[in-house]
Protein chains: 2
Amino acid sequence: MSETLKNVNPNVSVDCVVFGFDNEKLNILLIEQKMANKEKVQFALPGDLIVDDEGLDDAANRVLSEITGISGVFLRQFKAFGDPNRVSDIKDLDWLKNYRQNPQARVITVAYLSLVKMDDFQPEASSFAERVFWQELDSLPSLAFDHNQILSEALDRLRDDFVNHRTGFELLPEMFTLGQIQKLYEIILGKELDKRNFRKKILKEKLVSATNQKQTGVLHKPAILYTLNHENI
Amino acid sequence: MSETLKNVNPNVSVDCVVFGFDNEKLNILLIEQKMANKEKVQFALPGDLIVDDEGLDDAANRVLSEITGISGVFLRQFKAFGDPNRVSDIKDLDWLKNYRQNPQARVITVAYLSLVKMDDFQPEASSFAERVFWQELDSLPSLAFDHNQILSEALDRLRDDFVNHRTGFELLPEMFTLGQIQKLYEIILGKELDKRNFRKKILKEKLVSATNQKQTGVLHKPAILYTLNHENI
DNA sequence: CAAACTTAGTGTATTTTTTACACTTGGGGA
DNA sequence: TCCCCAAGTGTAAAAAATACACTAAGTTTG
């Protein structure tokens, strides 16, 4: 950052922490991008500068869509990150050049959070991303800038929402078993839950209804399939 | 906002929603400032642009202190507001002139939240504030920009924290009665609570201990005074 | 000094929620 | 036919939440 500038307007970006659920593990959407010297690559959350005429929520959706091809997901703002040195290797940010009045200024980012079914979204790299991919959360590489910290805070928030605000059902297929819901909760919360107590609770909330169909093609007793009661959510 | 500029770096400010508790009502710290035409005044939350070398949390504390004289409070970031037209009467922002490269650009703000004892903080206007004052929350004037909305979201968040994260005891004097805690909760949550049940709960949590002292100078049965168990918080 | 006023302080019964825990069932595969 | 596997089910105990009304101890007033 230049020593000679005073009160330069900062760059403002959005970063998207998109968790993906594949019925087995929690994944996170990452991009791989070339660094300025063209030798090294780095991993990062999908994110980019906002433009003049868009709101922050709009920016998050646009940026996610432009970089990863993923659109139509609900992105929830969860925190702004603004340490003056959070993007210290600013010279590596190719995309900042020839784009802004103050490319050398600090970068403040507004972080967004989402949780989606991985199957529904096949990321396709474009814009400055060399590659976009789902990465298992429990074998996470080191990320650019402060993105590991952003991710960590996003996960805390995701769990908090899950426990306190009964979210997450939208991750299930149209018809699902109670076992699938339980697994979803166990994966997000990172701990096992008692089967009988979990079922009791879910059914009491009346958020799901049994259909008269059963699982097929499984090598054990087929489970009853349930659907969401959209009106009760 | 100029039509000719593209991808101008935005202005970034912090705004502080400081709730004040006076044992009776919930108040909010407001400033009165002159508008550019020098005729009208407007009410607003204390807030200002960040400067280059400070983090967002630091900026919030600096700005609050500079404008209102209040320092040493815990300010918690709760949301960024970035609608492109949220500061539409940008020409009224005297303080933006001769200060930034892009004074005409949009203003994104990061909002902070705090709750303090009013008695501990006597606001003193300085900087561009004509006046700084505590305003009762239930007779709130119309505020500048989107500050009414910011305030409303801050209140939601404050209540949520109170219920889910057992905060707020720091607002009480060194020694306090159980009635005072209950009143604090009732004021924040905006509803009455059952005295016996409330006491049962507070005492079970072991967050307070009885002293051997009593209230004096009250015109009724004096209550036992309690102190905080800091180690259990 | 007695009466009135005001908030402090206290207990119980009921309902609801949470927790712990183990066996039988139905389908597919071998 | 037997085995494997997750589905599915109930109960008892403990903990938490709720509803509810009177007596106590000071101060003020007449």
Side-chain angles (χ1 to χ4, degrees), chain A residues 21-25 159-160 162-166 169 172-187 189-227 232, chain B residues 21-25 159-160 162-166 169 172-228 232:
Chain A
F21 177 64
D22 65 356
N23 299 307
E24 288 299 329
K25 293 198 161 195
R159 287 177 172 157
D160 193 70
F162 241 72
V163 172
N164 293 325
H165 304 292
R166 290 264 138 53
F169 289 83
L172 296 166
E174 178 134 18
M175 288 196 291
F176 49 86
T177 70
L178 295 182
Q180 285 177 290
I181 308 185
Q182 186 176 344
K183 190 155 192 181
L184 169 63
Y185 270 75
E186 288 178 337
I187 290 170
L189 300 181
K191 64 179 180 190
E192 298 202 341
L193 303 171
D194 179 88
K195 181 160 57 162
R196 281 179 288 195
N197 294 337
F198 184 80
R199 289 172 166 245
K200 226 180 304 178
K201 193 159 180 170
I202 291 293
L203 292 176
K204 183 149 40 131
E205 312 223 343
K206 304 245 168 95
L207 299 180
V208 299
S209 314
T211 65
N212 54 6
Q213 299 178 56
K214 289 182 179 180
Q215 260 182 327
T216 56
V218 288
L219 54 158
H220 55 76
K221 175 175 176 178
I224 292 174
L225 292 170
Y226 288 76
T227 55
N232 290 350
Chain B
F21 177 63
D22 66 355
N23 299 307
E24 289 299 329
K25 294 200 162 195
R159 286 178 173 158
D160 193 70
F162 241 73
V163 172
N164 293 326
H165 306 292
R166 287 264 141 51
F169 289 84
L172 296 165
E174 176 132 20
M175 287 197 291
F176 49 85
T177 70
L178 295 182
Q180 284 177 291
I181 308 186
Q182 185 175 345
K183 191 154 193 181
L184 169 62
Y185 270 75
E186 288 178 337
I187 290 170
I188 304 295
L189 299 180
K191 65 180 179 190
E192 298 204 339
L193 303 171
D194 179 88
K195 180 161 59 163
R196 279 178 288 194
N197 294 338
F198 184 82
R199 286 168 169 247
K200 228 180 298 178
K201 192 160 181 171
I202 291 291
L203 293 175
K204 183 151 37 139
E205 313 225 340
K206 303 244 168 98
L207 299 180
V208 299
S209 313
T211 66
N212 54 6
Q213 297 179 56
K214 290 182 179 180
Q215 262 182 325
T216 55
V218 287
L219 53 159
H220 55 76
K221 176 175 177 178
I224 292 173
L225 292 169
Y226 288 76
T227 54
L228 267 188
N232 292 348

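Because the structure is predicted, anything quoted here is derived from the model rather than measured. Just so it is clear: chains get the letters A, B, ... in the order the sequence lines come, proteins before strands, and each one is counted from 1.
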Are any protein N/O atoms closer than 3.5 Å to N/O atoms in nucleotides 11-14 of chain D? If there are, list each pair with its distance.
{"unit_1": "D:dT11", "atom_1": "O4", "unit_2": "A:Lys200", "atom_2": "NZ", "d": "2.8"}

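Counting only distance, with no hydrogens or angles, the side chain of B:Gln182 and the backbone of B:Arg199 share no donor-acceptor pair below 3.5 Å.
Residues A:Gln215 and A:Lys221 form no side-chain contact, since every pair of their non-hydrogen atoms from C-beta on lies 4.5 Å or further apart. Using a 4.5 Å heavy-atom cutoff, the side chains of A:Ile187 and A:Lys183 are in contact.
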Inset, instruction - Summarise how protein sits on nucleotides 21-30 of chain D as a single string, 5' to 3': B when a protein heavy atom is under 4.0 Å from the base, S for sugar-phosphate-only contact, - for no contact. - result: B--BBBS---

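In this structure, of C:dA8, C:dT17, D:dA17, it is C:dA8 that holds the atom nearest to the side chain of B:Arg199.
Put simply, NZ on B:Lys204 is 16 Å from C1' on C:dT10, counting in whole angstrom units. Taking atom CD of residue B:Gln215 and atom P of nucleotide C:dT6, one finds them 16 Å apart after rounding to whole Å. Atom CZ in B:Phe198 sits roughly 13 Å away from atom P in D:dA17 (whole-Å rounding). As rounded to whole Å, 9 Å separates atom P of D:dT9 from atom CG of A:Leu178. As a whole-Å value, the separation of B:Leu203 CG from D:dA15 P is 18 Å. Whole-Å rounding puts the A:Phe176 CZ to D:dA6 P distance at 20 Å. B:Ile202 has its CD1 atom 15 Å from the C1' atom of D:dA17, to the nearest Å. At whole-Å resolution of the value, CG in A:Leu225 and P in D:dA6 are 17 Å apart.
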Which atom pairs, donor and acceptor, lie under 3.5 Å between side-chain atoms of residues 172-179 of chain B and protein residues at least two apart or in another chain?
{"unit_1": "B:Thr177", "atom_1": "OG1", "unit_2": "B:Gly179", "atom_2": "N", "d": "3.4"}
{"unit_1": "B:Thr177", "atom_1": "OG1", "unit_2": "B:Gln180", "atom_2": "N", "d": "3.0"}

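Heavy atoms of A:Ile224 sit under 4.0 angstrom from primed sugar atoms or phosphate atoms, though from no base atom. Among the protein residues, B:Lys183 comes within range of no part of the nucleic acid, since none of its heavy atoms lies under 4.0 Å from any strand.
For the pair B:Thr177 and B:Asp194, both in contact range of DNA chain C, the more 5′-proximal nearest nucleotide belongs to B:Thr177.
Residue B:Leu184 holds its CG atom at 4.0 Å from CZ of B:Phe162, rounded to the nearest 0.5 Å. Taking CD of A:Glu24 as the start and CZ of A:Phe21 as the end, the distance is 8.0 Å to the nearest 0.5 Å.
Between A:Ile224 and A:Thr211, the shortest heavy-atom contact is CG2-O, 3.9 Å.
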